[in-house]
Peer 1: 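Below is one structure. I have some questions about it.
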Amino acid sequence: GGGSGASYSTPPRRYGGTMKLPDIDTIKTAEQARELSSDWQDWQADHALSDSELAEYEYYFVDLAKKFDLYAEFNENGTI
C-alpha cells in the first residue's frame, strides 16, 4: 500500500513585488535578452502577480523580442 514515498514541497509564493528590468537599449545581444527572459521566468515563478503586473512585463518582453527577432522563441517558452 501507500504512495510513492516522494515528498515535494513548493516554496511559498510571494504576492506582488517587482523585478527591476534594465532599459531595453542597454541589452546589446540576443543572448543577453534570452538570459534576462530566463531570469524573469525563474523570478516570476515565485511571485503571484496580478494580471496588470503580468501585462507590464509582457509589454517589456514583447519589445525586447522584437529588437532581437525572438518573438517566436519568447512566445514558445512562455515569456510572452
Side-chain angles (χ1 to χ4, degrees):
S4 66
S7 173
Y8 299 98
S9 79
T10 303
R13 288 175 63 90
R14 289 166 277 222
Y15 288 88
T18 55
M19 178 178 171
K20 179 72 175 146
L21 297 171
D23 290 338
I24 288 177
D25 291 343
T26 66
I27 308 297
K28 301 297 184 193
T29 67
E31 189 53 40
Q32 287 177 322
R34 287 182 181 104
E35 185 174 324
L36 184 59
S37 167
S38 177
D39 290 347
W40 181 81
Q41 286 180 324
D42 290 344
W43 176 85
Q44 66 86 28
D46 292 331
H47 292 78
L49 302 175
S50 70
D51 289 344
S52 63
E53 288 170 318
L54 286 171
E56 288 180 39
Y57 288 107
E58 183 175 10
Y59 293 137
Y60 176 90
F61 282 105
V62 164
D63 288 345
L64 188 61
K66 287 178 182 176
K67 179 177 179 177
F68 295 104
D69 195 27
L70 296 171
Y71 191 89
E73 181 177 327
F74 280 12
N75 189 47
E76 184 177 316
N77 70 21
T79 298
I80 56 177

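We use all heavy atoms of the structure for the numbers below, so side chains are in, but hydrogens, waters and symmetry mates are not.
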Peer 1: Once ring-ring contact (aromatic ring centres under 6.0 Å, His included) is applied, do any residues pair with Y57, and if so which ones, sequence neighbours excluded?
Peer 2: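 Checked Y57 against ring-ring contact (aromatic ring centres under 6.0 Å, His included); matches are W40, W43.
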Peer 1: Return the NZ to CZ distance between K66 and F74, rounded to the nearest 0.5 Å.
Peer 2: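 So the NZ of K66 and the CZ of F74 are separated by 13.0 Å.
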Peer 1: Report yes if some heavy atom in the side chain of L36 is under 4.5 Å from a heavy atom in the side chain of Y60; otherwise report no.
Peer 2: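 Yes. Closest side-chain heavy atoms under 4.5 Å.
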Peer 1: Please output the side-chain donor-acceptor pairs of residues 22-30 that fall under 3.5 Å, not counting sequence neighbours, one pair per line with the distance.
Peer 2:
residue, atom, partner, partner atom, Å
T26, OG1, D23, O, 2.6
K28, NZ, D25, O, 2.9
T29, OG1, Q32, N, 3.0

Peer 1: Surrounding CD of Q41 (heavy atoms of other residues, nucleotides or ligands, distance under 6.0 Å), is the total greater than 12?
Peer 2: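 More than 12 heavy atoms, drawn from other residues, nucleotides or ligands, come within 6.0 Å of this atom.
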Peer 1: Tell me, which pairs form a salt bridge (Lys or Arg N to Asp or Glu O under 4.0 Å) where one or both residues lie in residues 67-80, sequence neighbours left out?
Peer 2: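 Residue pairs with at least one partner in residues 67-80: R34-E73.
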Peer 1: I need the L54 CG to H47 NE2 distance, nearest 0.5 Å.
Peer 2: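 Spacing of CG (L54) from NE2 (H47) equals 12.0 Å.
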Peer 1: Is the closest side-chain heavy-atom distance between E53 and T18 below 4.5 Å?
Peer 2: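 No, every pair of side-chain atoms sits at 4.5 Å or beyond.
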Peer 1: Kindly work out whether a path of hydrophobic side-chain contacts (I/L/V/M/F/W/Y, heavy atoms less than 4.5 Å apart) joins Y59 to L64.
Peer 2: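 No, because Y59 and L64 fall into different hydrophobic clusters, even though each may have its own neighbours under 4.5 Å.
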Peer 1: Out of curiosity, L49 CG to M19 CE, how far, rounded to the nearest 0.5 Å?
Peer 2: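 Rounded to the nearest 0.5 Å, the CG-CE separation comes out at 11.5 Å.
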Peer 1: Listed by chain and number, what are the side chain to side chain contact (heavy atoms under 4.5 Å, CB included) partners of E56, not counting sequence neighbours?
Peer 2: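 Applying side chain to side chain contact (heavy atoms under 4.5 Å, CB included) to E56 gives none.
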Peer 1: Please report the closest heavy-atom contact between F61 and S37, naming both atoms and the distance.
Peer 2: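 Closest approach of F61 to S37, heavy atoms only: CE2-CA, 3.8 Å.
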